[in-house]
Amino acid sequence: MKSALRKIHIISVLMLMLSACASLNFSCPCSLENISSGRSGEGNDLCVYMEFYNDSPEEITDFTVSLLLCDSSGDEDSDSFIEYCETVECSICAFSSAGVRICAEGVFAENPEADYEVYSLYVRNIDYADGKNWSDPSGMYAVRIKGE
């Protein structure tokens, strides 16, 4: 009797683990291409321009991009980095793209002479029209810009 209960318990745990793994999404449902950066005319904000491709079968309603900015002197110690996040509200149909401009507005207000550039960026979160959500909170799919 105990061995039968133990087998049922082991099978239940294995099924739970398999169902958890099946629900994980191991791929990024978007791609970023034609990425460039520069300063905007108004306010001297650092901006990133890119083509955002929706590689999923669902319409996107908004997404959040995280920019990692670094001191352009080349010093890569942890004190020289600033993270800037921005949510872009837009409608991008399934399997289509949109041009996107993201500006780190006000980041350099205290120090307008700061010379920062984009080190990397990634899509942190995507919301879909059907209510589903995809997220990459740790930047697993980050695109490195500096040094490329």
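One-based numbering along the sequence shown.
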Find out whether [X] and [Y] are in side-chain contact, i.e. whether some heavy atom of one side chain is under 4.5 Å from a heavy atom of the other.
X      : Y      : answer
Ile145 : Ile35  : yes
Asp136 : Tyr122 : yes
Tyr49  : Ser37  : no

Gap between atom [atom2] of [Y] and atom [atom1] of [X] - 0.5 Å precision:
X      : Y      : atom1 : atom2 : answer
Ile102 : Leu121 : CD1   : CG    : 7.5 Å
Glu33  : Met50  : CD    : CE    : 12.0 Å
Asn125 : Thr64  : CG    : OG1   : 5.0 Å
Ser56  : Trp134 : OG    : CH2   : 11.0 Å
Glu59  : Phe95  : CD    : CZ    : 13.0 Å
Lys132 : Ile60  : NZ    : CD1   : 13.5 Å

Give a yes or no on whether [X] and [Y] share a hydrophobic cluster (residues Ile, Leu, Val, Met, Phe, Trp, Tyr; joining criterion: side-chain heavy atoms under 4.5 Å apart).
X      : Y      : value
Tyr128 : Leu32  : yes
Val100 : Leu46  : yes
Tyr53  : Val143 : no
Val123 : Tyr141 : yes
Val65  : Ile126 : yes

Short N-O contact, Glu117 and Arg39, less than 4.0 angstrom: no

What one should report as the nearest heavy-atom pair of Cys70 and Phe81 is CB-CE2, 3.4 Å

Looking at Cys103 and Glu86, what are the two nearest heavy atoms and their distance? O-OE1, 3.2 Å

Parallel under 30°, tilted from 30 to 60°, perpendicular over 60°: which one fits the rings of Phe52 and Phe63? parallel

Taking atom CD as the centre, does Glu89 end up with more than 12 heavy-atom neighbours from other residues, nucleotides or ligands that are less than 6.0 angstrom away? no

Partner residues of Ser97 under the side chain to side chain donor-acceptor pair (under 3.5 Å) criterion, sequence neighbours left out: Glu51

Answer yes or no: is there a donor N or O on one side and an acceptor on the other, between the side chain of [X] and the main chain of [Y], under 3.5 Å?
X      : Y      : value
Ser135 : Pro137 : no
Tyr119 : Leu67  : no
Asp62  : Val88  : no
Asn54  : Ile92  : yes
Thr61  : Asp127 : yes

Could you check whether Glu83 and Ser66, counting side-chain N and O atoms only, form a donor-acceptor pair closer than 3.5 Å? yes

Quick one about Ser31 and Asp55 (side-chain donor to acceptor, distance below 3.5 Å, no hydrogens or angles considered), yes or no? yes

For Cys30, give me all partners under disulfide (SG to SG under 2.5 Å), at least two apart in sequence or on another chain. none

